[in-house]
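To start, the structure itself, in structure tokens.
Reminder, nothing fancy here: chain letters follow the sequence lines and each chain counts from 1. The analysis underlying the following values was restricted to heavy atoms, covering all of them including side chains, and did not include hydrogens, waters or symmetry mates.
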Protein chains: 2
Amino acid sequence: MKADSTAPADPACAEALPSAARGGPVSHAVSRIARLHRIAAGRLLKGLGLYPGQELLMMHLWDGGAVRQSELIKAVDLDPSTVTKMLQRLDQAGHVSRRPDPDDRRAVLVEATEDSCGLHASVRSAWSSLEEHTLAGLDPAERAELARLLAKVEANLCQETDGCPGAG
Amino acid sequence: MKADSTAPADPACAEALPSAARGGPVSHAVSRIARLHRIAAGRLLKGLGLYPGQELLMMHLWDGGAVRQSELIKAVDLDPSTVTKMLQRLDQAGHVSRRPDPDDRRAVLVEATEDSCGLHASVRSAWSSLEEHTLAGLDPAERAELARLLAKVEANLCQETDGCPGAG
DNA sequence: GAAATTTACATGGTCGGCCAACTAAATCAC
DNA sequence: GTGATTTAGTTGGCCGACCATGTAAATTTC
């Protein structure tokens, strides 16, 4: 008494597909993949004391040494308030240090702590693992094609959305 | 001491790429696309009084009529607590109605309100628009290929992650 | 039929993420 | 130099989403 009168005229192929998937299959896939990808990242990062999202910030900090917070915001392309709160937590966790910029008294210089540098290799390893997990079963040509198509999609979504750094 | 000794041996091609993109280009793209896609969805849904994520719940409700909350949770594959809170807000906003299931006194029957049905067409239109925005500039073959590759990625990410409905 | 287990939701807390509004400092305009 | 504007960050509020925990009802077990 679950699927007797609920299936009007569609064959069996439609009963498992939510209308979201029919009306926008790629959008639907993006939503689901985003969540699964984030969960997978979270599992890998959990042992490192990081939450998903923080690793991107840290990677930028490990890349560039001490940077202005505004530079960091542009680099990760997030809302300033998001970065502020993430940095507050990363600061409290001992992963980053923040000090006022002597050259500009409203700016803040952010730097990865010495302690956090020990995480660098682990995070890179976790990301490699995540990448491999994500792309398992895809041959190099498929991976390249996926990367190419995702780049186009990203460019599309950047369009009309102000504040896209690499949307040239 | 910012960018003199920090650049060891890389040519100019590396200075614009964060290490996250080098260590996991697809993962990096997925993160960024997820965020941009969500923002794009949010803009389209804002005028409809919905927040991104809620539309998927509503679409399932519009699809199936009154459903048990547990069925809804399985359908959207989210954490039960997430669904509970979303439904509380959707209820308060007048988009859904919740009543106890007479056959199972711990279960809750959820249904889209009559009022919300007016949104159905708008949401479908918004999703079509989002899909087209996402896939602009991709020919049908590319779209199919992208959908195929994303399905493989989704299956990969579902693996080892319990609670994947369509991970057959 | 009583006890243990599973199922169905709800609650509280935490994070990432957004927007809106605010403060302080630097810069531009005059 | 004084005032307007931009820039830099912070705060508060909200939502999606997670986990861990708790409670009530149904189900299984004995």
Side-chain angles (χ1 to χ4, degrees), chain A residues 31-43 45-46 49-58 67-74 76-93 95-96 98-110 161-163, chain B residues 31-46 49-58 67-93 95-96 98-110 161-163:
Chain A
S31 301
R32 299 174 61 84
I33 287 173
R35 171 176 162 271
L36 294 170
H37 188 266
R38 190 176 194 81
I39 290 177
R43 298 196 178 192
L45 293 170
K46 190 161 192 174
L50 288 177
Y51 290 87
Q54 295 182 337
E55 83 278 14
L56 290 172
L57 235 65
M58 292 308 299
V67 292
R68 270 198 178 79
Q69 189 164 324
S70 57
E71 289 295 323
L72 194 56
I73 289 169
K74 276 196 298 182
V76 298
D77 189 32
L78 291 175
D79 192 88
S81 64
T82 298
V83 175
T84 293
K85 292 178 187 173
M86 287 175 76
L87 287 176
Q88 288 172 346
R89 288 162 185 150
L90 286 169
D91 190 353
Q92 193 174 0
H95 295 315
V96 307
R98 305 156 76 205
R99 60 168 171 278
D101 185 343
D103 292 355
D104 189 336
R105 273 159 53 198
R106 65 209 156 135
V108 173
L109 286 177
V110 187
T161 303
D162 51 300
Chain B
S31 300
R32 298 173 62 83
I33 288 173
R35 173 177 161 271
L36 293 170
H37 188 265
R38 190 177 193 79
I39 290 177
R43 296 197 179 192
L44 288 168
L45 293 170
K46 190 161 192 175
L50 289 177
Y51 290 86
Q54 297 182 337
E55 82 279 14
L56 290 173
L57 236 66
M58 293 307 299
V67 291
R68 270 198 178 76
Q69 189 164 323
S70 57
E71 288 295 321
L72 195 57
I73 289 169
K74 276 197 298 182
V76 298
D77 190 31
L78 290 176
D79 191 88
S81 64
T82 299
V83 174
T84 293
K85 292 179 187 171
M86 286 174 76
L87 287 176
Q88 288 172 347
R89 286 161 185 149
L90 286 169
D91 189 353
Q92 193 174 1
H95 295 316
V96 308
R98 305 156 75 203
R99 58 167 171 279
D101 186 342
D103 291 355
D104 190 335
R105 272 157 54 196
R106 66 207 155 137
V108 174
L109 285 177
V110 188
T161 303
D162 52 298

Practice task
Report the distance from atom CG of A:L45 to atom P of C:dT14, rounded to the nearest whole Å.
Solution key: 20 Å
Practice task
Can you see which heavy atom on A:M86 is nearest to which on A:L78, and at what distance?
Solution key: SD-CD1, 4.3 Å
Practice task
Please determine if a side-chain N or O atom of A:R98 lies less than 4.0 Å away from the OP1 or OP2 oxygen of D:dT10.
Solution key: yes
Exercise for the section: Scan residues 81-90 of chain B against DNA chain C and write down, sorted by residue number, each residue with any heavy atom closer than 4.0 Å; if none is found, say none. Expected result: B:S81, B:T84, B:K85, B:Q88
Problem - 4.5 Å side-chain heavy-atom contact, A:R89 and A:H95 - result: no
Fill in the blank from the handout: Rounded to whole Å, the CZ-C1' distance (B:R105 to C:dA8) equals 14 Å
Problem - Below 4.0 Å: OP1/OP2 of C:dG16 and any side-chain N or O of A:Q54 - result: yes
Handout entry: Distance, rounded to the nearest Å, where B:Y51 contributes OH and D:dA17 contributes C1'
Key = 16 Å
Problem - Most 5' of B:G53 and A:K46 on DNA chain D, judged by nearest nucleotide - result: B:G53
Handout entry: Distance, rounded to the nearest Å, where B:K74 contributes NZ and C:dT7 contributes P
Key = 11 Å
Problem - Under 4.0 angstrom between B:R35 side-chain N/O and C:dC18 OP1 or OP2 - result: yes
Practice task
Using a heavy-atom cut-off of under 4.0 Å over every strand shown, decide if B:I73 touches base, sugar-phosphate, or nothing.
Solution key: nothing
Problem - A:E55 side chain to A:G53 backbone, donor-acceptor under 3.5 Å - result: yes
Exercise for the section: On DNA chain C, check which nucleotide each of A:P80 and B:V108 is closest to and give me the residue with the more 5' one. Expected result: B:V108
Problem - Shortest non-hydrogen contact from B:L72 toward B:V83 - result: CD2-CG1, 4.4 Å
Problem - B:P100 and B:R105, any side-chain heavy atoms less than 4.5 Å apart - result: no
Exercise for the section: Give a yes or no on whether the backbone of A:Y51 and the side-chain of A:Q54 come within a donor-acceptor separation of less than 3.5 Å. Expected result: yes
Practice task
Take atom CD of B:Q92 and atom C1' of D:dC15, then tell me their distance rounded to the nearest Å.
Solution key: 13 Å
Practice task
Can you figure out which of C:dC9, D:dC19, D:dG9 approaches the side chain of B:Q69 most closely?
Solution key: C:dC9
Handout entry: Protein-nucleotide distance (A:R68, atom CZ; D:dA8, atom C1'), rounded to Å
Key = 10 Å
Fill in the blank from the handout: By nearest-nucleotide position on DNA chain C, the 5'-leaning member of B:S70 and A:P102 is B:S70
Problem - Test item: A:V108 and A:R99 side chains (from C-beta on) under 4.5 Å apart, heavy atoms - result: no
Exercise for the section: Would you classify B:D104 as touching base, sugar-phosphate or nothing, given that sugar-phosphate means primed atoms plus P, OP1 and OP2, and contacts are heavy atoms under 4.0 Å? Expected result: sugar-phosphate
Problem - pair B:L50-B:L90: side-chain heavy atoms closer than 4.5 Å - result: yes
Problem - Interatomic distance, B:I39 CD1 vs C:dC19 P [rounded to whole Å] - result: 6 Å
Completion exercise
B:R38 CZ to D:dG16 P, in whole Å, measures 8 Å
Practice task
Please tell me which of A:E71 and B:R106 maps to the more 5' nucleotide of DNA chain D, matching each residue to the nucleotide holding its nearest heavy atom.
Solution key: A:E71
